[in-house]
Amino acid sequence: MRKPVPILKTFEIEVNPDGIAILTLNRPKRANALNYELLQDWISSIKWANDEEQVKIVIVTGKGNFFCSGLELPNVPSDMEELKRTAEANNNLFKKLVDLLIDFPKLLIAAVNGKAFGFGVTFLPHCDVVYSIPEATFQTPFMQWAFCAEGCSSYLFPKYLGQSIASELLLMNKTYTAPELVKIGFISRLIPEDQLIQETLKEATRVTKFSFEAIIKSKELIRKDEREYLHKINKRENDLLLLRILSEDSHRALLEFMSK
């Protein structure tokens with residue numbers, strides 16, 4: 001029995017007759033930043049796509065000029081208990097989302113429609129295929145805000161990018177362009193902005209002609225052995241991230257950033 005497509009405020013879900021679901025981050029006025037509501041909606045979307053038998057392939061993209069700008073920066077209020085409650089609630093959801101992505105069994109494709117910051121970048125290694133527009137840029141400014149690596153990037157970035165480029169992204173706040181990341185294999189290919197979804201759907205539709213079970217089993221061969229380890233990495237990063245968000249060091253960095 002088919003489950004109804006969720007109606008969500010910060011995520012749009014479309015499913016075509018071939019069983020391809022397009023999940024679109026829909027918070028363009030806030031650069032598709034991850035607040036509590038968007039995290040909840042992303043979790044709901046992934047759970048639904050995982051459980052819905054009709055869905056064979058999932059495409060994730062964004063609305064507006066940003067793909068995703070990562071976790072929404074916290075305000076630094078005088079009431080530290082309020083900050084702690086908000087940070088803990090968001091971090092719990094963030095960990096849950098990453099855990100779901102680690103275990104997601106179906107073919108997952110990213111269609112990067114614009115700038116990607118933070119989790120907009122660290123999300124990508126959890127995808128099986130990444131397409132991007134040529135103009136997209138990729139940055140993980142964790143050190144600028146005195147945060148730390150997240151989304152399992154402390155492990156997945158060195159694995160997929162090599163130690164040096166991973167360190168430039170995670171430790172040195174370097175911005176990479178889509179053409180640069182294509183050269184090192186982090187992105188499969190570039191697609192003009194006005195053709196991004198059309199071409200991504202074309203590729204996904206071609207794959208729907210293959211055995212769905214064979215794809216699931218083959219992805220399991222590729223991903224299964226490291227999933228348990230990734231869950232440990234996710235917890236370790238998330239625990240440290242919460243401490244960093246609540247640190248005086250981070251508060252100073254955020255105040256300085258926001259003042260500019």
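Sequence positions, counted from 1, serve as the residue numbers for this chain.
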### Summary
Taken to the nearest 0.5 Å, the spacing of L101 CG from L108 CG works out to 7.0 Å
### Task
I would like to know whether L83 and H251 meet side-chain contact (heavy atoms from CB on, under 4.5 Å); could you show each step before the answer?
CA-CA 11 Å; L83 175 61; H251 298 169; 3.3 Å; yes
### Summary
On a heavy-atom basis, the closest approach of V182 and S188 is CG1-O, 4.4 Å
### Query
Are any non-hydrogen side-chain atoms of E256 and R252 less than 4.5 angstrom apart?
no
### Query
Are H126 and C152 side-chain neighbours, meaning at least one heavy-atom pair lies under 4.5 Å?
yes
### Task
Begin from the C-alpha positions of V58 and F104 and carry the test side-chain contact (heavy atoms from CB on, under 4.5 Å) through to its verdict.
CA-CA 10 Å; V58 173; F104 191 71; 3.7 Å; yes
### Query
Is a side-chain N or O of T177 found less than 3.5 angstrom from the main chain of T137, in a donor-acceptor match?
no
#### Entry: Note: R236-D239 ion pair, threshold 4.0 Å (strictly below)
no
### Task
List the steps, then state whether side-chain contact (heavy atoms from CB on, under 4.5 Å) holds for L73 with L254.
CA-CA 8 Å; L73 294 179; L254 288 170; 3.9 Å; yes
### Query
Between the side chains of T200 and E203, is a donor N or O closer than 3.5 angstrom to an acceptor N or O?
no
#### Entry: Donor-acceptor under 3.5 Å (K174 side chain, L171 main chain)
no
### Query
Would Y36 and E72 count as having a side-chain donor-acceptor pair, cut-off 3.5 Å?
no
### Task
Carefully, step by step, assess K219 and D128 under the rule salt bridge (Lys or Arg N to Asp or Glu O under 4.0 Å).
CA-CA 8 Å; K219 176 170 176 174; D128 303 296; 2.8 Å; yes
### Task
Tell me yes or no: between the side chains of E237 and Y155, is some donor less than 3.5 Å from an acceptor?
no
### Message
If you compare all heavy atoms of G62 against all heavy atoms of N32, which two are closest, and at what distance to 0.1 Å?
### Response
CA-ND2, 3.9 Å
### Task
Decide yes or no for I57 and T205: does some side-chain heavy atom of the first lie under 4.5 Å from some side-chain heavy atom of the second?
no
### Query
S153 versus T140: any side-chain heavy-atom pair under 4.5 Å?
no
### Task
Would you name the heavy atoms of L190 and A178 that are closest together and state the gap between them?
CD2-CB, 3.6 Å
### Query
Just how far is it from atom CG of L169 to atom CG of L181, taken to the nearest 0.5 Å?
7.0 Å
### Query
Backbone N or O of D18 within a donor-acceptor pair of the N16 side chain at under 3.5 Å?
yes
### Query
Do you reckon Y160 sits in the same ILVMFWY cluster as V129, going by side-chain contacts under 4.5 Å, direct or chained?
no
### Message
What verdict does the side-chain contact (heavy atoms from CB on, under 4.5 Å) test give for I165 and F186, after you've listed the backbone C-alpha separation in whole Å, the side-chain angles of each residue and the deciding distance to 0.1 Å?
### Response
CA-CA 11 Å; I165 292 174; F186 194 65; over 6 Å; no
### Task
First locate atom OG1 of T122, then atom CG of L124, and finally report the distance between them rounded to the nearest 0.5 Å.
8.0 Å
#### Entry: Side chain to side chain, I233 and S154, heavy atoms closer than 4.5 Å
yes
### Task
Of all the heavy-atom pairs spanning A87 and L246, show the shortest one and how long it is.
CB-CD2, 4.2 Å
#### Entry: Donor-acceptor contact present, side-chain S218 to main-chain I215, <3.5 Å
no
### Message
Rounded at 0.5 Å granularity, tell me how far CZ in F142 sits from OG in S250.
### Response
12.5 Å
### Task
Look only at the side chain of N234 and the backbone of L230, and say whether a donor-acceptor pair between them is shorter than 3.5 Å.
no
### Task
Write out all pairs satisfying salt bridge (Lys or Arg N to Asp or Glu O under 4.0 Å) with one or both partners inside residues 90-112, taking only residues at least two apart or from two chains.
K95-D99
### Query
Do the non-hydrogen side-chain atoms of K56 and I20 ever get within less than 4.5 Å of each other?
no
### Query
Is there a donor-acceptor contact under 3.5 Å linking the side chains of Q144 and N173?
yes
### Summary
In this structure, CD1 of I133 is separated from CD1 of I191 (nearest 0.5 Å) by 10.5 Å
### Task
Report the C-alpha separation of Q139 and Y176 in whole Å, then their side-chain angles, then the decisive distance to 0.1 Å, and conclude whether the side-chain hydrogen bond (donor to acceptor under 3.5 Å, both in side chains) test is met.
CA-CA 7 Å; Q139 185 183 12; Y176 274 85; over 6 Å; no
## Note on the structure
Between L38 and A33, the two heavy atoms sitting closest are CD1-O, 3.6 Å
### Message
With heavy-atom distances below 4.5 Å as the criterion, would you say the side chains of V112 and V130 are in contact?
### Response
yes
### Query
Does a donor on one side chain sit under 3.5 Å from an acceptor on the other, for T10 and E37?
no
### Query
Is NZ or CZ of K115 both nearer than 6.0 Å to the six-membered ring centre of F117 and within 45° of the ring axis?
no
### Message
Please tell me whether V98 and I245 are part of a single hydrophobic cluster in this structure, the criterion being side-chain heavy atoms less than 4.5 Å apart.
### Response
yes
### Message
Strictly distance-based, threshold 3.5 Å: is any side-chain N or O of N238 a donor or acceptor partner for the main-chain N or O of N91?
### Response
yes
### Query
Would you say D194 has more than 12 foreign heavy atoms packed within less than 6.0 Å of its CG?
yes
### Task
May I ask you to test the L34-C68 pair for a side-chain heavy-atom distance under 4.5 Å?
yes
### Task
Kindly compute the distance separating CD1 (I222) from NZ (K217), expressed to the nearest 0.5 Å.
14.0 Å
### Query
Nearest heavy-atom pair of S69 and A31: which atoms, and what distance?
OG-O, 2.9 Å
### Query
Does D249 CG have over 12 foreign heavy atoms under 6.0 Å away?
yes
### Message
Are L156 and L240 linked, directly or through intermediate hydrophobic residues, by side-chain heavy-atom contacts shorter than 4.5 Å (ILVMFWY only)?
### Response
no
### Query
Do I102 and I46 belong together in a cluster built from hydrophobic side chains that touch within less than 4.5 Å?
yes
### Message
Please confirm whether the ring centroid of F94 lies under 6.0 Å from the ring centroid of W42.
### Response
no
### Message
Side-chain heavy atoms nearer than 4.5 Å, only ILVMFWY residues, links allowed to pass through others: does that put Y131 and L23 together?
### Response
no
### Task
Report yes if the distance between the aromatic ring centroids of W48 and F11 is under 6.0 Å, otherwise no.
no
### Query
Between the side chain of N113 and the main-chain N/O of G64, is any donor-acceptor distance below 3.5 Å?
yes
### Task
Taking atom CZ of R189 as the centre, report whether more than 12 heavy atoms of other residues, nucleotides or ligands fall under 6.0 Å from it.
yes
